[in-house]
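Report on the following structure.
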Amino acid sequence: MYKRGVFSFPGFYRKKDKVKPLALLVSPPVYDFALYDLYLKPYGLLRIGKWLEESGYEVKLVNALDYRDSESERVLGHPRRKQDGTGKFFRMVVKKPDVLKGIKRRFARYGITVEAFERRMKLHNPDVVLIGTGMTYWYLGVIEAVEVSRKLFLRVPIVIGGIYATLCEKHAKSKIGADFVVSGSAFEELPAVLERSGLPVPVPPADVSNAEMLIPKELYGDAAVIVLNEGCPFRCRYCASRVFYESFKKGNAEKSYERLCKIHDELGTENFAFYDDALLFRKEEVLKPFLEMVVKRGPKVNFYVPNGIHLSYLDFDTVRLMKEAGFREVRIGLESSKKEFHRLNDGKLDLESFPERIAMLKEAGFSGREIGVYILAGLPRQRWEEVEESIRFVSDFGVRIFVAEYSPVPGTPMYMDSLKFSHFPIEDEPLTHNNSIFPMQWEGFTTDDLDRMKQLARELSC
Ligand code: SF4
């Protein structure tokens, strides 16, 4: 039971006359050179919010990336959005941080205006503020959210958690100004933080991988996120999946289907993006039964896979089922057409089967425009010729080609190579992890080469 008006260690004060303590979730603005909403949702924060709500907290959310804010629209214009739930955010050009001064691109703050953000925050009287973090190079928005919280909510504990807080814990503790940095799973770490703040301590869910999430209309009305499984069985040298999930954990098809129906029924949502790292792994047990339920019982929805899927697990039955269930696109993480690349870095691909699998997708009814292939560019010591070779290889198959620019991620094996290779201060300054600055540029792969590769991919895409 929540007690009223008690001073608690380390000096936070819980407010009087409240039946339930209020946890304010904050999804901060983003500072970057570019930002496009390809189903960017604070999924982790929404799960923590649901857990706290089920544990007796009142939970509110301030989403600084809301693209519908009327006050911001008057100042910044209307961000262009698409029917599939993707699109632009509000954008305001701001001064570049010193470390990025040499980059010849404009730097911007994405999200509702500073005034609108403060106005939304002021509507609440929280007992704890929980700020979610994303990419390591987005921490400037986290600092802003902490500063606004500090200004408005005197002696209220401010907690940050999420991707940046986990990958750059030391940096977050020294630079952000939050009272607590939750590194790793918040389900495990947050109870101790709440206890130290004199707040009720929730019991972690028995099965964290199946924990429910809040489904606010503002965030999930146009498009929602769905996750069937946790983690990935592969160990690619450039990927942080292992840092967050030690191993692959199979999900529950029935529960995922219920979740989908609930979002669709309550919000009318028609677009769903899978956040899975390995959607097709053990597909007979999870993805296929899930899709069979969608086909047999409805609802009629659209599915997207922004993270890409594993080519090696595709078979005709699955592809046909995906099409029937409402997949509007298939994105594949090919990364490179060179065997040596895969031998050294990921071992996740059977290259020989690429032509056959693309043919399979087309036979099932996916057009070339609905098949996207990711090529990874800008790894340490990678030459532009390798990327060009991969682009030309893929172009023979009449699909869309996406050049995915490498970003060094702390905790991954390739991060250590990146530290040695890059002339940017990657270890000390997470802003230099940003793939927009091409942190691994060298004479064998310059920024001009990268621009040429991106242009080539556009020209050769179908
Ligand atoms: S297969 Fe994909 S999700 Fe899995 S480790 Fe490799 S890059 Fe990460």
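Start at 1 and go down the list; that is how both ligands and their atoms are numbered. When reading the values below, keep in mind they use all heavy atoms of this one structure, side chains included, and skip hydrogens, waters and symmetry mates. This one's a predicted model, so the numbers in the text were calculated from it and none came from an experiment.
- Cation-pi geometry between K41 and Y220 is not met at under 6.0 angstrom from the ring centre and within 45 degrees of the axis.
- By the criterion of a separation under 2.8 Å, the protein N/O/S atoms near atom 8 (Fe) of ligand 1 amount to C239 SG.
- Under the rule for a side chain to side chain contact (heavy atoms under 4.5 Å, CB included), the partners of R237 that lie at least two apart in sequence or sit in another chain are N345, P413, M414, D417.
- Partners of H264 by side chain to side chain donor-acceptor pair (under 3.5 Å), not counting sequence neighbours: none found.
- Taking the ring centroids of F397 and F354, they lie under the 6.0 Å cut-off.
- Side-chain rings of F234 and H310 approach one another, their centers coming within less than 6.0 Å.
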Counting only pairs under 3.5 Å, give me each side-chain donor-acceptor contact of residues 368-378, with atom names and distances, residues two or more places apart or in other chains.
residue : atom : partner : partner atom : Å
R369    : NH1  : C462    : O            : 2.8
E370    : OE1  : S367    : N            : 3.0
Y374    : OH   : P306    : O            : 2.8
Y374    : OH   : R331    : NH1          : 2.9

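- Residue H310 places a heavy atom under 4.0 Å from ligand 1.
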